[in-house]
Structure formats: structure tokens, C-alpha cells
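One is the number of the first residue; the rest follow in order along the sequence.
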Amino acid sequence: MKAAVFHGPKVGLRIEEVAVPSAGRDQIVVKVAACGVCHTDLHYIEHGVPTFKTPPIILGHEASGVVADVGAGVTTFKRGQSVLIPAVLTCGHCVFCRMGRENICANMVMLGNHIDGAYAEYVAVPAKDVLELPATIPLQEACIIADAVSTPYHAVKNRARVRPGDTVVVFGCGGVGINAVQLAAVAGGWVIAVDVHERKLEWARSFGAAHTINASQVERVSKEVKKLTGGGADIAIEVIGNPRTIEEALECVRIGGRLCVVGYTKEAMSIVAGKIMFKELEIVGSLGCRPLDYRPLIRLVEQGTIEIKRLVTHRFKLDELPKAFEVMHEGVSLRSIVIP
Ligand SMILES: [Zn+2]
Ligand SMILES: [Zn+2]
């Protein structure tokens, strides 16, 4: 089969012929319908963030597909079923899994990071992590639920805890951020979306943002937010992973408000500690999504409350994968998917 194999930052990605994986006892093999192209892949390819498994490794962690083979111990899936593979697989027995917080599992395994991912025609995964998809959801577009929709779902619902009437500022309107906008609006939030690309701000408005701010055209985003909200937003969500933006997001939060950090950076940020105390600020992180959140999320997509079709702006064949990263750089895509 064809697969996009990462050989480390010097060589990068190569489309190669590799063996089709076989199903272990508790695994299924999924024929990949589509795999979303995520900014995380760029971290490995361009920014020197190491993958857990030493390359070569097949990248891709946002996949949907059809069950092609079933391991001897699997009773829950049949060949031909449509499925979604969560980006991160959990152990189920560590202390965090047992607390119901599987998304911070101590033994988490990520596709295209710890194990071979889904920029390939087939991928083998443990059956226990896989979710069945209803036939009414378009199978290719459904792949983006696995990360671009599920990550902000957990952030908005469980970590930022957006309630009806909350004012919510979202920094970054890319593939994940646009869904933070959409989900915060669905949760009843009054959403202000922030980005530097006018096209993305247009999309944000069409996905439920009440207001948008082009950060490149204002002196301070926090000043604008304070004007719009009369003193600061109830909640700020940062989906970029830039320490300066995270600082600015915290500046946007009102007294007693909450900052939720979804973007990843390895760099330090600086905050005046006294502000956290004196303003009773809450700063929370958000990582991935718990397995139990996938079913209600799929239901919301099925009933049309959450839109996915319009989020997929670009489609590529496997050997066109480099083009998907180009459009990501240009800021002209919301989500690209690769169809092996
Ligand atoms: Zn991702
Ligand atoms: Zn665990």
C-alpha cells in the first residue's frame, strides 16, 4: 500500500510503498477514507518536534474509514462498518483513565506519533478506541471529528465551560480554532473571533462569531475586547500556541474570568502573578478529548448542530500531501483532508 512515511526532519516525508498492516488480536484494520491534515504534523516536519516513535513512521492522526479486517478477539466490529479513529488512544487502566480523564492518560498513544498513522491506505488500531459512524454523516469529512472538532469540543465544554450568555474570545481561527468558535456559539456563547487572516475571520462569522478582530489591524486585541464586552470577556480560548498570544488572551479576561489554553508551545510565557490572585483568574489547559465525549459529539454532527462539510476546504491525494502543507502556510485553508 501507499503511505506518507516521515524519515526525520532532515529527509522529511516520502510517499512510499509499505506492507499493509495486519490486525492483532484486539485490533481492527481500517481502510482509510480520509485523514485530516493537522498543524501538529508541521511541528514534526518543520519545527523539529520529535515523534515519540523514532522515524521512520507513517504520520496522520485524524482518520475515518471502513473496517477492512477484524482481529480474532474483536466482537464489537464487522467488516464494512464506517468508523472514526480518535487521534489519541488510551490505556484504560492508569490513574487518570480511572478518574475518567482518559484524555490525559499516562500511557496515551497517538496515531502518527507513537504508532503508524493514517496517511496510508490502511491503518491498524485497537478496536476498543474506535467509534462507529452513522451512515448519515459523510465519511470523508467525518475524519476531522477525530481532532479538529473533538479537541475544541472538550476545551469548550469541559475546560473553558462555556455557558449560555458567556462572552468568549477565541484566538486563532484555523482548523481547530474555527471549531472552538462554532462550538462556543453552539453552547450559547457570544463569540469574538481573533485572527490575522481576513478570510478566516469571514469564516468565523459564518460559523457563529458575533464579532471579529483582525489582530494585525488593532493596537491591542485586549483593548478592543474590553470595549466590546465592557470590561473583559468571561472566557478566552487560545488555539494558536504562541506565548505572546496566550498573554494577550489572559489580558482579555475580566475579573473572575477564565483562560483556556489549547494551543501548544514549548516556550515560556510571562504573567504578573498578582493578577491571578487579585482578579481570581482561572487558567486551564485542554488536551484532546475524552472517549466518552465522542458519542454526543457525533450526535451533534449527525443532527446538523455542528457543521463539518464546509470545514473541509481542500482535498488532496496522498502524493499531493506537500501541497496541503503549502495551503496551510498560506492561511487559505480551514481543514485539508488527504484521500488515500
Ligand atoms: Zn491534530
Ligand atoms: Zn490511561
Side-chain angles (χ1 to χ4, degrees), residues 36 38-40 62 64 84 86-88 103 131 133 137-138 141-195 200-213 225 229 233-241 245 249 252-253 257-264 282 284-313 334-335:
C38 183
H39 206 265
T40 302
E62 196 177 68
S64 57
L84 178 74
V88 174
N103 61 304
L131 294 130
L133 280 171
I137 297 182
E141 287 87 349
C143 71
I144 67 166
I145 300 172
D147 183 17
V149 186
S150 61
T151 295
Y153 181 75
H154 172 66
V156 166
K157 182 182 169 224
N158 302 320
R159 304 297 290 160
R161 306 195 304 278
V162 176
R163 300 291 203 96
D166 281 342
T167 51
V168 186
V169 193
V170 176
F171 279 77
C173 300
V176 177
I178 195 79
N179 284 302
V181 169
Q182 176 173 212
L183 289 155
V186 164
W190 192 82
V191 181
I192 303 166
V194 183
D195 205 288
K200 289 191 176 167
L201 294 174
E202 256 172 58
W203 271 317
R205 286 190 288 272
S206 80
F207 279 98
H211 251 279
T212 53
I213 297 172
V225 169
T229 54
D234 297 306
I235 296 161
I237 302 175
E238 205 272 1
V239 196
I240 301 165
T245 327
C252 292
V253 168
R258 190 176 303 126
L259 168 68
C260 178
V261 181
V262 184
Y264 168 79
E282 273 182 73
V284 296
S286 189
L287 176 70
C289 182
R290 303 173 304 169
L292 73 92
D293 282 315
Y294 274 95
R295 276 179 204 287
L297 176 54
I298 290 169
R299 210 174 294 135
L300 286 168
V301 173
E302 194 182 12
Q303 72 192 25
T305 309
I306 295 170
E307 220 187 311
I308 56 165
K309 237 181 157 166
R310 212 154 50 88
L311 292 166
V312 176
T313 53
L334 268 183
R335 204 57 160 182

Between Ala142 and Leu84, which heavy-atom pair has the shortest distance, and what is it? O-CD1, 3.4 Å

Enter the distance from Ile306:CD1 to Arg299:CZ here, rounded to the nearest 0.5 Å. 11.5 Å

List the atom of Thr212, the atom of Ala204, and the distance in Å for their closest heavy-atom pair. CG2-CB, 4.3 Å

Any chance you could measure Leu287, atom CG, to Tyr264, atom OH, to the nearest 0.5 Å? 11.5 Å

Tell me if a side-chain donor or acceptor on Arg258 pairs with a main-chain N or O of Glu282 at a distance below 3.5 Å. no

Considering all heavy atoms, the nearest Cys143-Gly36 contact: SG-N, 3.6 Å

Exam field: side chain Thr167 to backbone Asp234, donor-acceptor pair closer than 3.5 Å: yes

Please step through side-chain contact (heavy atoms from CB on, under 4.5 Å) for the pair Val169 and Thr229, ending with a clear verdict. CA-CA 10 Å; Val169 193; Thr229 54; 5.9 Å; no

For a side-chain contact (heavy atoms from CB on, under 4.5 Å) check, start with the C-alpha distance between Ile308 and Ile137, then their side-chain angles and the critical distance, and finish with the verdict. CA-CA 9 Å; Ile308 56 165; Ile137 297 182; 3.9 Å; yes

Strictly distance-based, threshold 3.5 Å: is any side-chain N or O of Ser150 a donor or acceptor partner for the main-chain N or O of Ile145? yes

Got a donor-acceptor contact below 3.5 angstrom from the Glu62 side chain to the Ala148 backbone? yes

Nearest 0.5 Å please: distance from the CD1 atom of Ile144 over to the OG1 atom of Thr151. 11.5 Å

Mind listing the closest non-hydrogen atom pair of Phe207 and Ala185 along with its distance? O-CB, 4.3 Å

Using a strict 4.0 Å threshold on nitrogen-to-oxygen distance, state whether Asp293 and Arg290 make a salt bridge. yes

Once you round to the nearest 0.5 Å, how far does CZ of Arg335 lie from CG of Asn179? 8.5 Å

Of all heavy-atom pairs between Val176 and Val239, which one has the smallest distance, and what is that distance? CG1-CG1, 3.4 Å

Within the side chain of Asp147, is there an N or O that forms a donor-acceptor pair under 3.5 Å with the backbone of Ala87? no

Applying side-chain contact (heavy atoms from CB on, under 4.5 Å), run through Asp195 and Trp203 and close with a yes or a no. CA-CA 11 Å; Asp195 205 288; Trp203 271 317; over 6 Å; no

dist Asn158:CG -> Cys260:SG (nearest 0.5 Å) comes out at 10.0 Å

So which heavy atom on Glu238 is nearest to which on Thr245, and how close? OE2-CB, 3.2 Å

Quick check against the 3.5 Å criterion: does Gln182 have a side-chain atom that pairs as donor or acceptor with the backbone of Glu307? yes

Flag yes if more than 12 heavy atoms outside Arg310 fall under 6.0 Å of its CZ atom; otherwise flag no. yes

Any side-chain heavy-atom pair of Ile178 and Lys200 under 4.5 Å: no

Let me see the working for Leu133 and Ile298 under side-chain contact (heavy atoms from CB on, under 4.5 Å), right down to the final yes or no. CA-CA 8 Å; Leu133 280 171; Ile298 290 169; 4.2 Å; yes

Find the distance between CZ (Arg205) and SG (Cys173) and round it off to the nearest 0.5 Å. 10.0 Å

